[in-house]
**Q** 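Take a look at this one; I'll ask things after.
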Number of protein chains: 4
Amino acid sequence: MARPKSEDKRNAILNAATRVFAERGLAHAPTSAISKAAGVAEGSLFSYFRTKDVLINELYCEIKRQMAEIMLAGFPDKGDVRARLEHLWNTYVDWGLANPAQRKVIGQLQTSTLVTEVSRLESERRFAAIHELAHDATTEHIALSYPKPFVAAALNALANTTIEFVELDPAHAADYRRAGFLMFWNGLSKD
Amino acid sequence: MARPKSEDKRNAILNAATRVFAERGLAHAPTSAISKAAGVAEGSLFSYFRTKDVLINELYCEIKRQMAEIMLAGFPDKGDVRARLEHLWNTYVDWGLANPAQRKVIGQLQTSTLVTEVSRLESERRFAAIHELAHDATTEHIALSYPKPFVAAALNALANTTIEFVELDPAHAADYRRAGFLMFWNGLSKD
Amino acid sequence: MARPKSEDKRNAILNAATRVFAERGLAHAPTSAISKAAGVAEGSLFSYFRTKDVLINELYCEIKRQMAEIMLAGFPDKGDVRARLEHLWNTYVDWGLANPAQRKVIGQLQTSTLVTEVSRLESERRFAAIHELAHDATTEHIALSYPKPFVAAALNALANTTIEFVELDPAHAADYRRAGFLMFWNGLSKD
Amino acid sequence: MARPKSEDKRNAILNAATRVFAERGLAHAPTSAISKAAGVAEGSLFSYFRTKDVLINELYCEIKRQMAEIMLAGFPDKGDVRARLEHLWNTYVDWGLANPAQRKVIGQLQTSTLVTEVSRLESERRFAAIHELAHDATTEHIALSYPKPFVAAALNALANTTIEFVELDPAHAADYRRAGFLMFWNGLSKD
DNA sequence: CATGAATGAGCCTTCATTCAT
DNA sequence: GATGAATGAAGGCTCATTCAT
């Protein structure tokens, strides 16, 4: 095995990091707080992640990986473009609502200089694949007046905005989710 | 009086902070680097900003203020809703393209726990006023199926996305600016 | 367990602090000088004492504790009041002569605003007990024209004066010690 | 004139220093706080006292000078030894009660390494003269079984103790003053 | 391999002192 | 001479990382 140490402990550390980052912010999250939250010794953290930066980058990739996994589950391969995009939209919004800490942390990491270009590219590649899938093997050509990555970014931006509003007003979650998608979908069709 | 505390020096520090934060990231920006970049002694920084946190918060407010000012200049009070929104869109995108460091820093600050709720509210109030203006005194009712703050956030999110794409591909700046607005506007105006 | 936090190191730091404070004065004693004198890393000092103030207060209490311990050793429970007071007098003077650094430091700490009321009260309680003992279970009523705490303070004040004179003129140590006590005792016993 | 600057301002600074030192302690008394309390500019302090250390030493000497002056006023040149000592005792205790800030500060300065040997000697000389006076031209030989400086120090120590008790219990000021002196006086007479 | 004590570079901040106005 | 802004050395403290146990 590549990693002789306990996979559980590794995950405990990643989860603890997520919690601590979400609660206290990247700037106020010493590794000692993370290891404590994870229930491991301070030194142990460094046998799973060589440096704090490595931990941060692996956390970034891991969260993105989870997101992608969820957005892919139950993907309507046979559906039309709208159905596909709506699936992505809904799964993303739902993920964000179900994982507020993760979403908060991803938000911080996205703008942080601690996450390397390599990590970003690796994750973007995963999502590019997803968005590719959203269009592949389709005869419909709606939305193609915009470049695909732009559409993907717009989906991401609007979905994040949507999630933020739902978090402020959870009672209308379903309404916002639908309204947000409509705004996105209608925006796609050039008139 | 001895030398009066110069507004210039204060601005020099804010500008230096912007540069250093943009280049090295909030996490790797010691106050010593900022004062050096500003050409003042380390101690001087603290005579203009009591603590680093205060500096960060004042920088946040200052950048937001500049943004708001630019978006308000030449605002088409007499125009229709689309003209008003397009004005906001264009001025914001242009500001972002003209001030990449500022935009990078605002991005970092927005997700940072170092910026207080007070600073955020103060700045949001300014923009709320702007968005209010975008709709006020109009008889058109397009877009009212979405709550105004949601529209504002959507504009912001899509405009940022647009700016990012222009930065990657400056040759098509005008195209992206127009396309982005169209996407936004169409998203709003359909049922 | 890894290396357990050693009591030795803690004492090394307290002793180093005593030496440095005595030599350079509270005002000119950076923690770096203390840790260096103790032979530990600068950061280690703070793992044994959370702040410099805590170190100072614990040092204060520790010295007082040592003093009290010595004054209690061999206490003549069966002796008359004079014997008891003389025991306190002699042990205190001897302690002061044997521990000049400690005495110098206690002098500085006593007048310092860095020592909290809590530390003072805790230490005073210890000595109150001792002075109580000096009078308890006795049928003699000499000296009771003065309140006990006043007598205790007077003993302390005169004993310190005595120590200072012995330090200036060590050849007559025994004479001063006896003379000082006589002055104290006569002061008490006459009306 | 040796000092072309305003004597008033100099005194204002010394008084301010006394107040600030008494309230906040030597350790927490920046020169900026002193100049502010004195109502002068930060820089001005340094045109009256070349350095902070100089200020501290001059303050020490000044307070001692005031004390000596008061103890000398109305000195019973014709009285017997007891009357003379009682005069010193009473004036000292009264001075301490009337000038709590000064007394607090002198207490701090006495144990501080910031006060130079030169300042101490200069002040001690003044008091030596006073104590000399207490015995001069007298035929009485009480108390001469103790060395004069020892007697002086004992007086000082007991008077300070007395003052402290009066401060804790001002209602019995007169009692403590008398009791303290009795203790001192009785202590002097070897039996 | 786990533990957590030990390390020391680095950071924010204070403050005595200087000096331009 | 008075002012107070400017300076920068120095200090307390944190925390990522190492390493003895």
Side-chain angles (χ1 to χ4, degrees), chain A residues 3-6 9 27-36 39-56, chain B residues 1-6 9-10 27-36 38-56, chain C residues 1-6 9-10 27-36 38-56, chain D residues 3-6 9 27-36 39-56:
Chain A
R3 204 173 289 105
K5 307 144 200 171
S6 126
K9 209 163 271 189
H28 296 307
T31 52
S32 60
I34 297 171
S35 51
K36 190 178 192 183
V40 304
E42 289 191 33
S44 297
L45 187 150
F46 292 91
S47 76
Y48 287 90
F49 306 94
R50 209 165 42 70
T51 69
K52 191 188 188 185
D53 277 16
V54 166
L55 164 61
I56 286 174
Chain B
M1 217 194 322
R3 276 162 291 183
K5 238 195 262 194
S6 92
K9 205 158 279 186
R10 195 189 124 92
H28 294 308
T31 52
S32 61
I34 296 171
S35 50
K36 189 186 225 174
V40 303
E42 295 197 21
S44 297
L45 186 150
F46 293 93
S47 99
Y48 285 90
F49 304 95
R50 212 164 39 70
T51 67
K52 190 187 187 185
D53 277 17
V54 167
L55 166 60
I56 286 174
Chain C
M1 218 195 323
R3 275 162 291 182
K5 238 195 262 193
S6 93
K9 205 159 280 187
R10 194 189 125 91
H28 294 308
T31 52
S32 60
I34 297 172
S35 51
K36 188 185 225 176
V40 303
E42 295 197 21
S44 297
L45 188 150
F46 294 95
S47 100
Y48 284 90
F49 304 95
R50 210 163 41 69
T51 68
K52 191 188 187 185
D53 277 17
V54 167
L55 165 61
I56 286 173
Chain D
R3 205 173 289 105
K5 306 145 202 172
S6 126
K9 211 162 269 189
H28 296 308
T31 52
S32 60
I34 296 171
S35 50
K36 189 178 194 182
V40 304
E42 290 191 32
S44 298
L45 187 150
F46 292 93
S47 79
Y48 287 90
F49 305 94
R50 210 166 43 70
T51 68
K52 190 187 189 185
D53 277 16
V54 167
L55 164 61
I56 286 174

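This structure is a prediction, so every number in the text was calculated from the model and none was measured. Naming convention: chains lettered A, B, ... in sequence-line order (proteins, then strands); numbering from 1 in each chain.
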**Q** Between B:Lys5 and F:dA6, is there a side-chain N or O to OP1/OP2 distance below 4.0 Å?
**A**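 Looking at the OP1 and OP2 atoms of F:dA6, neither is under 4.0 Å from any side-chain N or O of B:Lys5.
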
**Q** Between atom CG in D:Leu45 and atom P in E:dC15, what is the gap in whole Å?
**A**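 Distance, rounded to whole Å: 14 Å.
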
**Q** Rounded to the nearest 0.5 Å, how far does NZ of D:Lys36 lie from OG of D:Ser32?
**A**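 One gets 8.0 Å once the value is rounded to the nearest 0.5 Å.
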
**Q** Please classify the nucleic acid contact of A:Lys36 as base, sugar-phosphate, or nothing, using heavy-atom distances under 4.0 Å.
**A**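 If one applies the 4.0 Å heavy-atom cut-off, A:Lys36 turns out to touch nothing in the nucleic acid.
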
**Q** With axes from five pairs an end, tell me the bend angle of the helix from E:dA2-F:dT21 to E:dT21-F:dA2, nearest 10°.
**A**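 Inter-axis angle at the ends, rounded: 0°.
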
**Q** Quick check on DNA chain E: between A:Ala41 and C:Ser44, whose nearest nucleotide comes earlier from the 5' end?
**A**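 Closer to the 5' end of DNA chain E: A:Ala41.
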
**Q** Base, sugar-phosphate, or nothing for B:Tyr48, non-hydrogen atoms under 4.0 angstrom?
**A**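 Sugar-phosphate, no base atom in range.
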
**Q** Heavy atoms, side chains only, cut-off 4.5 Å: are D:Ser35 and D:Tyr48 in contact?
**A**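 In short, these two side chains do not touch, never coming nearer than 4.5 Å.
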
**Q** Between N or O atoms, less than 3.5 Å apart, protein on one side and nucleotides 13-15 of chain F on the other: list the pairs.
**A**
residue : atom : partner : partner atom : Å
F:dC13  : OP2  : C:Lys52 : N            : 2.8

**Q** In whole Å, what is the span from the CZ atom of B:Phe49 to the P atom of F:dA5?
**A**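 Rounded to whole Å, this separation is 15 Å.
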
**Q** Less than 4.5 Å apart, any side-chain heavy atom of A:Leu55 and any of A:Ile34?
**A**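 Contact flag for A:Leu55/A:Ile34 side chains = yes.
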
**Q** Whole-Å distance between F:dA20 P and C:Lys9 NZ?
**A**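 Roughly 12 Å, once rounded to whole Å.
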
**Q** Output all residues satisfying side chain to side chain contact (heavy atoms under 4.5 Å, CB included) with B:Ser47, sequence neighbours left out; order by chain, then residue number.
**A**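 Side chain to side chain contact (heavy atoms under 4.5 Å, CB included) check on B:Ser47 returns B:Lys5.
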
**Q** Decide yes or no on side-chain contact (heavy atoms from CB on, under 4.5 Å) for C:Thr31 and C:Phe46, but give the supporting numbers first.
**A** CA-CA 9 Å; C:Thr31 52; C:Phe46 294 95; 3.9 Å; yes

